[in-house]
Each structure stands twice: as structure tokens, then as C-alpha cells.
Amino acid sequence: MAAEMGLARSSRHWSRALRRRLLLLRRGTASDGCGCQNEALTSSKEGGDLGVGANEEEAVEVEARVRALQRLVPGGEELGTERLFEETADYIEALQVQVSAMRTLACLLDELREKRG
């Protein structure tokens, strides 16, 4: 929860959506324990025709992947495709910083344990 609150404090569009999700979690109204939706992502199709039907299938696949991305990025449901990609890049960068900070803290805690032990 603390890590998500750290992300939510940034000034990006997705941070507002993440704050809303965290508030729902606190109230116990989110869809599951982490506030995520339990919808499976579509997998890419192997092979396929190269005819006209393939273009339609490809378009359907792209739309499905965009919808999946909209569910993954907080507030993504409200964004158009171009803005969604921009927000996704920002969100990934913020997550990378968060993971780096958590790794640093984990290493620090390991060092402290080793000194005590």
C-alpha cells in the first residue's frame, strides 16, 4: 500500500486514477485484493492467413491489446490510444524507479541482518 501511495503522489494522470483505486481498496469496494481486474490478457495468435480476413483479425487483436493496456494503466480507460501510450511509458518509468528503491531497501535490510547475525 505504501509503495502504491508513493506512485500516487506523482502529478501524472494515472496517479489520480491510482489514488481513486487506493481509496476504493481502503473502503473494501475494489474488485480484488490489489484493486486489479481479473480479466485475462489476450495472447498473440500463431500463424494465420495473409488475406483480407487476417487484417480484420489483426485489427481485433490490436483492439484487444489496447483494451488490456487500458485496464493495466491506472486511468487508462479514460484515455485515447496516443495518450494511453504516453501514460504507459511514464507509468513504466515510475514502476522501474519504485522497483529500484525496493531493491535498494532490501539490500540495506540484508546488510543490517548480516551485521546483527
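Please read all numbers here as calculations on a predicted model, not as lab measurements. Residues: numbered from 1 along the sequence shown.
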Engineer: Work out which heavy atom in Gln70 is nearest to a heavy atom in Leu79; give both atom names and the distance.
Structural biologist: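 That closest heavy-atom pairing would be NE2-O, 3.4 Å.
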Engineer: To the nearest 0.5 Å, what is the distance between CZ on Arg83 and CD on Glu78?
Structural biologist: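 With rounding to 0.5 Å, CZ (Arg83) is 11.5 Å from CD (Glu78).
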Engineer: May I ask you to say whether Lys115 pairs ionically with Glu111, meaning some side-chain N is under 4.0 Å from a carboxylate O?
Structural biologist: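 Salt bridge: no.
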Engineer: Name the residue from Thr88, Asp90, Ile92 that meets the side-chain contact (heavy atoms from CB on, under 4.5 Å) definition with Val73.
Structural biologist: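 Between Val73 and the candidates, side-chain contact (heavy atoms from CB on, under 4.5 Å) is satisfied uniquely by Thr88.
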Engineer: Where do Glu77 and Arg71 come nearest, in terms of heavy atoms and distance?
Structural biologist: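 Scanning both residues, the minimum pair turns out to be OE2-CA, 3.8 Å.
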Engineer: Return the CD to CD distance between Glu63 and Glu61, rounded to the nearest 0.5 Å.
Structural biologist: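 Answer for the CD-CD pair, Glu63 versus Glu61, is 10.5 Å.
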Engineer: Could you check if a side-chain atom of Leu95 sits within less than 4.5 angstrom of a side-chain atom of Gln98, using non-hydrogen atoms only?
Structural biologist: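 Side chain of Leu95 against side chain of Gln98, heavy atoms only: contact under 4.5 Å found.
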Engineer: Looking at Ser100 and Gln96, would you say the former's side chain and the latter's main chain have a donor-acceptor pair under 3.5 Å?
Structural biologist: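 Not confirmed, Ser100 side chain does not pair with Gln96 backbone.
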Engineer: Calculate, to the nearest 0.5 Å, the distance between atoms CE and CG belonging to Met102 and Leu109 respectively.
Structural biologist: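 CG of Leu109 is found 12.0 Å from CE of Met102.
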Engineer: If you draw a 6.0 Å radius around CD in Glu86, do more than 12 non-hydrogen atoms from other residues or ligands fall strictly inside?
Structural biologist: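 It does: Glu86 CD has more than 12 such atoms within range.
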Engineer: Looking at every heavy atom in both Leu72 and Tyr91, which two are closest together, and how far apart are they?
Structural biologist: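 Looks like O-CE2, 3.9 Å.
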Engineer: Rounded to the nearest 0.5 Å, what's the gap from SG on Cys107 to CG on Leu112? Could you check?
Structural biologist: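 With rounding to 0.5 Å, SG (Cys107) is 11.5 Å from CG (Leu112).
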